[in-house]
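Everything quoted here is computed from the prediction, not taken from an experiment. Values below: all heavy atoms of this structure, side chains included; hydrogens, waters and symmetry mates excluded. Note on naming: letters A, B, ... go to the chains in the order of the sequence lines (proteins, then strands), and numbering restarts at 1 for each one.
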Number of protein chains: 2
Amino acid sequence: MGGELMSDRKEFRDLATPEAARAAIDSLDLSPAPETVPLEDARGRVLAERVDAAIDVPGFDRASMDGYAVRARDTFGADEVDPAELDLVGAVHAGAAPDVTVEPGTCAEISTGAVMPDGTDAVVMVERTDEVGGGADDGDPDAEGDAPDRIAVRTAVAPGDHVMSAGADIAAGARALGPGTRLTPREIGLLSALGVDEVPVAGKPRVGIVSTGDELVRPGETLDPSRGEIYDVNSTTIAAGVEEAGGEPVLYPHAGDDYDEMERLLRRAADECDLVLSSGSTSASAVDVIYRVIEERGDLLLHGVAVKPGKPMLVGRLDRGGSEESGDRAGESAYVGLPGYPVSALTIFRTFVAPAIRGAAGQPEPATATVEGRMAAGERYGEGRMRLMPVGLLDLDDGDRPLVYPVDKGSGATTSLVEADGVVAVDPDTEYLDRGERVAVQLFSPDVRPPTLLGVGEDDPALNRLLDRLDSPRYLPVGSREGLRRLRDGVPDVAVVAGPTGRDVDAVDLGGWTREWGLVVPEGNPDGVTGLADLVDGDLRLVNRPTDSGLRRSLDDALADLAAERDESRRALTDRIDGYELTVRAFESPVRTVLAGDADAGLGLRETAERLGCGFVSLGDQPVSVRAAPDRVERDAVAELADALDDLGGAAGDDGKPDLLADLPGYSRNSRNDP
Amino acid sequence: MGGELMSDRKEFRDLATPEAARAAIDSLDLSPAPETVPLEDARGRVLAERVDAAIDVPGFDRASMDGYAVRARDTFGADEVDPAELDLVGAVHAGAAPDVTVEPGTCAEISTGAVMPDGTDAVVMVERTDEVGGGADDGDPDAEGDAPDRIAVRTAVAPGDHVMSAGADIAAGARALGPGTRLTPREIGLLSALGVDEVPVAGKPRVGIVSTGDELVRPGETLDPSRGEIYDVNSTTIAAGVEEAGGEPVLYPHAGDDYDEMERLLRRAADECDLVLSSGSTSASAVDVIYRVIEERGDLLLHGVAVKPGKPMLVGRLDRGGSEESGDRAGESAYVGLPGYPVSALTIFRTFVAPAIRGAAGQPEPATATVEGRMAAGERYGEGRMRLMPVGLLDLDDGDRPLVYPVDKGSGATTSLVEADGVVAVDPDTEYLDRGERVAVQLFSPDVRPPTLLGVGEDDPALNRLLDRLDSPRYLPVGSREGLRRLRDGVPDVAVVAGPTGRDVDAVDLGGWTREWGLVVPEGNPDGVTGLADLVDGDLRLVNRPTDSGLRRSLDDALADLAAERDESRRALTDRIDGYELTVRAFESPVRTVLAGDADAGLGLRETAERLGCGFVSLGDQPVSVRAAPDRVERDAVAELADALDDLGGAAGDDGKPDLLADLPGYSRNSRNDP
């Protein structure tokens, strides 16, 4: 039998229910010990225990107005016509100890916040008093003089008036904040008032992330695609998710294909962390290492969950004590193995693991973690197990819930991470979700905000600049034809279409531009390419774009014209073009293929050829237009897009922004933009 | 005239409108330069510029299934009955360079993620193949053997099947993330896929916080209440708010009453920061320093805003370049002076300053920053200027918006910070907000969560333990009588009542306990106090509790009984008690007064006396009961409270929690708790 392949084909005979998976994870103890942090680092943390006031606030009877501190009894009966006159014996200011005693018949000037001097029990606001006698010159109110001798009080005050008595804000011994309180600026304020500069908070669970997979390389390091290497997406994504959930991620070095080292790292992570995560490896040997470590020194609680994509999920425990670094951490660490594809790993993390980390950190689930949406179109299901369906959102800003549409690019596309906003849990019994049906979307992060505009269609450098000017748009470069199809199906706001499309979709043209297209050739055009005939008749290797692309449609039209000239079929011509079927994904890709020496000519734009230092053989201009779904034209986000399109061409600069087409070789306004 | 007082009485003749204040702040430039941060520190930051893919992802044609890499053409026509047989020429695994070339009629074993070997253009899933010949023993499927010679392919595949072509996820040159994108775990995932380990992000505006006010002491330092010192609340609160809004707070050392130093610090802060904040000082001299600095080296844009509490607000600019530390920071810093009272400072910060910091940091306003609520009772206004009214929230969890009730403890109470959840902006023209009216509440922090339970009433140590067991309750210790009044008025869920109340309020008794009360005396009872008669007839000084307190009611009842015995009026007795009118705030306060030597006896609990090491003269037991508003009894949070009350007395321990009354001297279950 085929050795390694077989271990990948292990049967998952008894898939656990999602509830059982939750119960298994809940049975693990991830809770770290509480810790004490300085107040300035406490924001966002959760109190581990109650904080009682250790002091009275204020710590003294405090004047809460500017005025005169008096014995209230001395003012009884005073009013505007018959003021009480009191001898002024001194002044007290905030932050100073009073150096006066107020005997009956006297008063002291006092500032807000100052200590009430002995003998006083009330403050008369300065507005209700007059100065009498002393150096004050009654005839000239601006004259500066000595302090007055006496003060006329034109109102009666009661004991306690305009005084905050000691402990009146909060008294020593009183409960200030309860355990489990999340510390936001205001709680930090109250703790400051109590003089607290260190707070007992719930610890952050340490979450070790062990990267498995021979082909993974950490971002920033050099990648060798010829060896099938790819950048490690899950470690950094999950680390950020751990942090967001209130945990402390610990990234362990990548062991590559050194399985002994991987085993050592797993044991070390168990010793050092409250939870160890790994994400599914495509390498059977790596999976075998994980099994071996769990079997030798732990417990496998669960293998495989009846939820798509939870089939490869593992839940278990790892005993501690097997490495030098273990120190005094006894007991065991929790272990969860996540699927390998990034969206699947984040989905399972968000659904099963993040709640456990939050629980251990004492953090509540953020209110924004889940939003309600409505299905943009009907969707059929019936897979017999729960589906965690990745979906994108579009907030139409019409007072209704955002639109929800499935995103399933499959095959582990990392771009799905940002094309989907979260997942909808579709019950195994659900066979159909109707258009308009309400669904709960568990966002990938509480900070995810649905885009305000959804565009689809051609990729284009001027379009990229246009998108940069909008507030959180989402654009899916699916090509012109596919873009128009999606526009017709009702999800996106706009489609960007280049060249001829052969489709007639009801849409409103918001404007656009013209771009020069042709054949991109090596610098200096070594093969002397002059046009399409050289491709058909010569010995050149082409790199093409897919049929959904507007560039490809223009190329095919030009080939049809050439075929007609020669009285041949287009097919006859294309059969003679080496590489006609070799298509690459984005507008820059053919140019890069030519630069790499893997093709003699590529279908592309003058802009890209010049920017990347290639030669260019022009084959024509094609219009690019931005078309809006008729029922979305009035939306603010679409209007914003239309406004940005107005910055095209020579009239720009009024708003200080550079022309969208500035310095883009081969670009010009199209006729729609003419005044 | 009275010198310093006069500067405090400065007239604010031309208060700016709130809109003008916003415009003034918007006119300031707080934006820091973009910076580059490592990917692991990028979560929560905002991209400063577009990130395009610099590489193809994947960087090679990648198998997306386990199986056999083939030339699709070789499988054309194959099906279950007539499989295509291909020679097996080798194997390719993920993370390894293929060392085979697949010629027509041959195939290679391939793992998911591996590089497609030269010559192949499709993968046949292993499930659709059989091994033929070689070491495989067809009779015994478990037998291990050599790799087979040939593979029977039972299906036809098209070019590209189960292959993710190079750049199909995202191609080099394609727009990956736009400027202004907030980086959550998923964006970090995409950046990782692109190999990016450093990202250009919007800088964090540096916000200097200068603490003014002679009386302020930083938390953690020693406080001298006799000098009128209080802890500095605003600096830490506002620093946490700055951080939350995406800024980097810089706390400058407190200059105390050294005005030259304060001036130096203000200039230094302007040199080093994008924005300088100070909060209103009660000290006229400190305000004068700020004026002087702005006048000499800046611009005062605005002084006083027609919004309560925005009257003391200042907005201006401070020129840079006046200190050694300024380095190459030219231009000017923004300056905003906040009011002095903590709730006012946080309100003005949240309303006017935080949006500006967020704007400069490129951060969106969090969705949770504002919630809709309904007024719990009618409220009258009409102050002629906009009111930013501090309010508390109570989420009744009944599907309706949370209840909103005003919190106005006045006089700069720091406890208002946690008793209020946010502010409602009441228009100058609004004279009345009706009960049930919808209002928008701007939360003090996007992380603020309304409490699930609101209790009011007596303060009590057993109650504190009870509250610790609940999930985010809010309890206002307003005393038994005031608690019942509020319960009757319909805002809180429960009132906690101790002793006789003299009020008849419709409520459901959820349970309670009995506590022993009496006179707390110094350790060893040096004055030989035996009962109330000693207070009336002796020369002792008492410290009392306010009339709202249940303890005071029991004391007054006992005094009435003594008066009846003696055939005197109660008033006649209380007039003879020195300190009868001296009331202190919380249950521990009288004991602390006795401990400080400021009284010979205090009204208090046996629990507190024993805990703090005082003597105790018992005067009786009083019941404490938790009473719920009848229309709230069914609420989950109230039921949770009732459950926690069941843990009283001997029957506890079933749930592993200690008895609520354990180790509380003088506490016992009351008759309601008997089975």
Side-chain angles (χ1 to χ4, degrees), chain A residues 5 8 43 50 59-60 64 66 94-95 97 112-115 164 167 169-175 178-179 184-186 188-190 192-193 195 197 214-215 219-220 225-228 231 233 236-237 240-241 282 342 367-368 411 413-415 417-418 444-445 447 464 468 585-586 588-589 592, chain B residues 8 43 50 59-60 64 66 94-95 97 112-115 164 167 169-175 178-179 184-186 188-190 192-193 195 197 214-215 219-220 225-228 230-231 233 236-237 240-241 282 342 367-368 411 413-415 417-418 444-445 447 464 468 585-586 588-589 592:
Chain A
L5 274 187
D8 264 1
R43 191 178 66 85
R50 185 172 82 217
F60 52 93
S64 53
D66 289 335
T112 304
V115 181
M164 185 186 242
D169 193 351
I170 185 164
R175 184 180 193 269
T184 71
R186 69 210 189 116
I188 288 174
L190 180 58
S192 300
D197 64 342
D214 308 348
E215 74 281 24
S226 73
R227 297 192 58 224
Y231 283 114
V233 172
T236 41
T237 309
T282 52
T368 51
S411 304
T414 53
T415 40
L417 280 174
V418 295
F444 283 134
S445 155
D447 286 341
N464 287 350
D468 288 352
R585 163 98 178 184
E588 212 170 284
S589 306
R592 288 180 174 254
Chain B
D8 265 2
R43 190 178 66 86
R50 185 171 82 215
F60 51 94
S64 53
D66 288 336
T112 305
V115 181
M164 186 187 241
D169 192 352
I170 186 165
R175 185 181 193 269
T184 72
R186 70 211 189 114
I188 287 174
L190 179 58
S192 299
D197 65 342
D214 308 347
E215 75 280 23
S226 72
R227 296 191 59 223
I230 56 173
Y231 283 113
V233 171
T236 42
T237 308
T282 53
T368 52
S411 303
T414 52
T415 42
L417 280 173
V418 294
F444 283 135
S445 154
D447 285 341
N464 287 350
D468 288 351
R585 163 102 177 182
E588 212 171 284
S589 307
R592 289 181 172 253

Ranked by heavy-atom pairs below 4.5 Å to chain A, first place among B:Thr236, B:Asp447, B:Asp468 goes to B:Asp468
For A:Thr368, the side-chain hydrogen bond (donor to acceptor under 3.5 Å, both in side chains) test, sequence neighbours excluded, returns none
Verify whether one side chain among B:Asp169 and A:Thr414 offers a donor that lies under 3.5 Å from an acceptor in the other. yes
Scanning both residues in full, the closest heavy-atom pair of B:Val115 with A:Arg227 reads CG2-C, 3.7 Å
Under a 4.5 Å heavy-atom cutoff, which of B:Pro342, B:Ser589, B:Ala114, B:Ser445 has the most pairs with chain A? B:Ser445
Using non-hydrogen atoms only, which part of A:Arg592 is less than 4.5 Å away from chain B: side chain, backbone, both, or neither? side chain
Relative to chain B, which of A:Asn464, A:Ile170, A:Leu417 shows the most heavy atom pairs under 4.5 Å? A:Asn464
Of all heavy-atom pairs between A:Val233 and B:Gly189, which one has the smallest distance, and what is that distance? CG1-O, 3.4 Å
Counting heavy-atom pairs under 4.5 Å with chain A, which one of B:Ile188, B:Ile230, B:Val418 comes out on top? B:Val418
Of all residues at least two apart in sequence or in a different chain, which pass the side-chain hydrogen bond (donor to acceptor under 3.5 Å, both in side chains) check with B:Arg43? A:Glu243
Of all of B:Pro185, B:Ala97, B:Gly241, B:Ala240, which one pairs up most often with chain A through heavy atoms under 4.5 Å apart? B:Pro185
Do you know which of B:Ser226, B:Ala367, B:Ala586 has the most heavy-atom pairs with chain A at a distance under 4.5 angstrom? B:Ser226
In terms of heavy-atom pairs under 4.5 Å with chain B, the winner among A:Gly178, A:Ala171, A:Ala174 is A:Ala171
